[in-house]
Amino acid sequence: MRVATWNVNSIRARVDRVVDWLVREEVDVLAMQEIKCREDQFPLLAFTEAGYDVEIHGANQWNGVAFASRLPMDDVTRGFETMPGFGKPDAAGSLPLEARAMAVTVDGVRLWSLYVPNGRELGDPHYEYKLDWLNKLAVQTTEWLAAHPGVPLALMGDWNIAPLDSDVWDIRVFDGSTHVSEPERAAFAGFEALGLRDVVRERIPVGFTYWDYKQLRFPRNEGMRIDFIMGSEAFAELVTDASIHRNERKGTAPSDHVPVLVDLDIPIPDDDDRPMIF
DNA sequence: ATGACATATTCAATATGA
């Protein structure tokens, strides 16, 4: 089974590239982030014609996550129970919840698509929101792991954190910036403390997953590594290979992020055995 | 000094991104 994560930066602007890549790379399950549309706006047809079912969690022109899979998706959940909101409180005083997290189970593997809040600036309310969001997710993950011992779990997505200085092209440029601050790195390390680990880095130590559109960042290879697949021990044991698809940053109308993929030692049914989707 | 790029939305000017 081939499982991937990709911040697509608008699925409506990227649908052809995304579906082409899924088919070309024989991906079974894709976790998407920044789909930037509501469920009713999602370009479903291109996916279904290629044999993929889609589960969507979108709210408006910002954020939004989704899964595309050619294997059945079960136990679809949107958001998580203790997830904090952000923005203007409603009459009851609660903050709007953003579409940044959802999960599905495929072949007994629990998969999350995560779009961690950006943080904007150190000290910005959005920065506190980012740290709170991550810490609440870690607590939730702790509880889930305790309740589902031995079940493979992967938290996949755009973490908006560069855990190592070498995860940005020049750490000096990031002095005083988000993504590299100690509290963000501590929040990321909190997931490692739960027994999750970056199953891609242990196979691909070097390489970015994001390059800004501006300032010739990609031609200069001035990028960041911020998209990760954090697997539980049971998940990590299934991983046989990993890849970062840098070529998807090239060509016409790319996303600013590229796909990150793992191969799992889970046999999938032949095409002939798979139900047809029209 | 600032923007540079790309996406969304009340299609014009603004919000967001990292």
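Quick note on labels: first sequence line is chain A, next is B, and so on, each numbered from 1.
- One finds a salt bridge joining A:Asp167 and A:Arg201 here, because a Lys/Arg side-chain nitrogen approaches an Asp/Glu carboxylate oxygen to under 4.0 Å.
- Annotation: ring-ring contact (aromatic ring centres under 6.0 Å, His included) contacts of A:His245 (sequence neighbours excluded): A:Trp21.
- Between A:Asn60 and A:His179, the residue whose closest nucleotide on DNA chain B is further toward the 5' end is A:Asn60.
- A salt bridge is absent between A:Arg2 and A:Asp241: the closest approach of a Lys/Arg side-chain nitrogen to an acidic carboxylate oxygen does not fall below 4.0 angstrom.
- Annotation for A:Glu121: atom CD does not count as buried by contact number, only 12 or fewer foreign heavy atoms lying within 6.0 Å.
- Only the C1' atoms considered, B:dG17 is 22 Å distant from B:dT10, to the nearest whole Å.
- Rounded to a whole angstrom, the distance from the P atom of B:dT16 to that of B:dT9 is 15 Å.
- Taking atom CZ on A:Arg17 and atom P on B:dA6, their separation rounds to 12 Å, with Å as the unit.
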Please list, pair by pair, any protein nitrogen or oxygen found under 3.5 Å from a nitrogen or oxygen in nucleotides 14-17 of chain B.
from	atom 1	to	atom 2	distance (Å)
B:dG17	OP2	A:Arg120	NE	2.8

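- Across every non-hydrogen atom of A:Thr82 and A:Gln140, the tightest pair is OG1-OE1, 2.7 Å.
- Taking the P atoms as reference points, B:dT2 lies 32 Å from B:dC11, given to the whole Å.
- Per the geometry, CD belonging to A:Gln41 stands 16 Å off P belonging to B:dT7, to the nearest Å.
- OP1 or OP2 of B:dT9 has at least one side-chain nitrogen or oxygen of A:Arg12 nearer than 4.0 Å.
- The separation of B:dA13 from B:dA4, taken at their P atoms, amounts to 16 Å, rounded to a whole angstrom.
- When the C1' atom is compared between B:dA18 and B:dT7, the two are found 14 Å apart, to the nearest whole Å.
- Atom-to-atom, CG of A:Leu122 to C1' of B:dA18 comes out at 12 Å; the value is rounded to the nearest Å.
- Among the atoms of the strands shown, none is found under 4.0 Å from any heavy atom of A:Arg38.
- Within 6.0 Å of atom CZ in A:Arg24, more than 12 heavy atoms from other residues, nucleotides or ligands are found, so the atom counts as buried in its surroundings.
- Checking B:dT7, B:dA18, B:dA4 against every side-chain atom of A:Ser10, the shortest atom distance belongs to B:dT7.
- Atom CD of A:Gln61 and atom C1' of B:dA6 are 14 Å apart (whole Å).
- Between A:Phe208 atom CZ and B:dA18 atom P the separation is 16 Å, expressed in whole Å.
- Ring centroid separation for the pair A:Trp169 and A:Phe174 comes in under the 6.0 Å cut-off.
- We find that CD of A:Gln33 is positioned 18 Å from C1' of B:dA8, with the value rounded to whole Å.
- Mapped onto DNA chain B by nearest heavy atom, A:Asn7 and A:Ala13 fall at different nucleotides, with A:Ala13 at the one closer to the 5' end.
- Using a 4.0 Å cut-off between charged nitrogen and carboxylate oxygen, A:Glu233 and A:Arg197 count as a salt-bridge pair.
- For A:Tyr129 and B:dA18, the OH to P distance is 13 Å, given to the nearest whole Å.
- A:Ile226 comes within 4.0 angstrom of the backbone, heavy atoms only, and of no base.
- Atom CZ of A:Arg217 and atom P of B:dA6 are 14 Å apart (whole Å).
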